[in-house]
Amino acid sequence: MLFIKKMAKKLTRSKIVKKLDAVFSQYIRLKDSVDGMATCFTCGKQDHWKKLQNGHFQSRKHYTTRWDEMNCQVQCAGCNVFKYGEQYIFGVNLDQKYGPGTSNELFIKSRQSIKFADFELEDMIIKYKKLVDSF
Ligand SMILES: [Zn+2]
């Protein structure tokens with residue numbers, strides 16, 4: 001009985017984060033896609049959005065910028081994984097896309113600490129799910 005009660009409990013924190021990461025990644029890759037094709041932010045390689053990744057300028061370990069729409073851009077696996085994110089080029093391109101100082105602001109933001117409540121993350125899941133479904 002106790003076991004059943006436990007199973008019915010809401011998602012654990014790590015599952016919520018995982019779910020949000022997945023839907024947010026889809027959103028980042030879809031929003032700049034044209035006919036399913038997206039472009040790597042740091043090398044310009046084009047591929048189907050499903051074959052590309054959601055690259056983070058400041059690492060995912062920093063929660064203030066983990067789901068920041070400027071901090072996250074489409075990247076190919078070559079840049080994101082094998083070239084460790086190409087952070088220098090990433091920063092230069094961020095300043096070009098959003099204005100000078102953007103990469104510095106993101107760096108500072110990433111070092112601030114934040115504690116999202118579960119419901120805030122769940123709200124983001126709903127928000128990005130809706131956006132993904134609208135493409
Ligand atoms: Zn690339």
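What you see is a predicted model; the values in this text were computed from it and never measured. Counting starts at 1 for both ligands and their atoms, in listed order.
The salt bridge (Lys or Arg N to Asp or Glu O under 4.0 Å) search around Lys129 returns Asp133, not counting sequence neighbours. Applying the salt bridge (Lys or Arg N to Asp or Glu O under 4.0 Å) criterion to Asp21, with sequence neighbours excluded, gives Arg60, Arg66.
Side-chain contact between Thr64 and Asp68: absent, with no pair of heavy atoms (C-beta onward) separated by less than 4.5 Å. Looking only at side-chain heavy atoms (C-beta outward), Gln73 and Lys97 come within less than 4.5 Å of each other. When side chains are defined from C-beta on, Phe57 does not count as touching Thr65, because their heavy atoms never get closer than 4.5 Å.
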What donor-acceptor contacts under 3.5 angstrom involve side-chain atoms of residues 22-41, with partners at least two apart or in another chain?
| unit_1 | atom_1 | unit_2 | atom_2 | d |
| --- | --- | --- | --- | --- |
| Ser25 | OG | Arg29 | NE | 3.1 |
| Ser25 | OG | Arg29 | NH2 | 3.1 |
| Tyr27 | OH | Glu69 | OE1 | 3.4 |
| Arg29 | NE | Ser25 | O | 3.1 |
| Arg29 | NH1 | Trp49 | O | 3.2 |
| Arg29 | NH1 | Leu52 | O | 3.3 |
| Ser33 | OG | Arg29 | O | 2.6 |
| Thr39 | OG1 | Gln46 | NE2 | 3.2 |

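Protein N, O or S atom count below 2.8 Å of the Zn ion (ligand 1): the structure gives 4.
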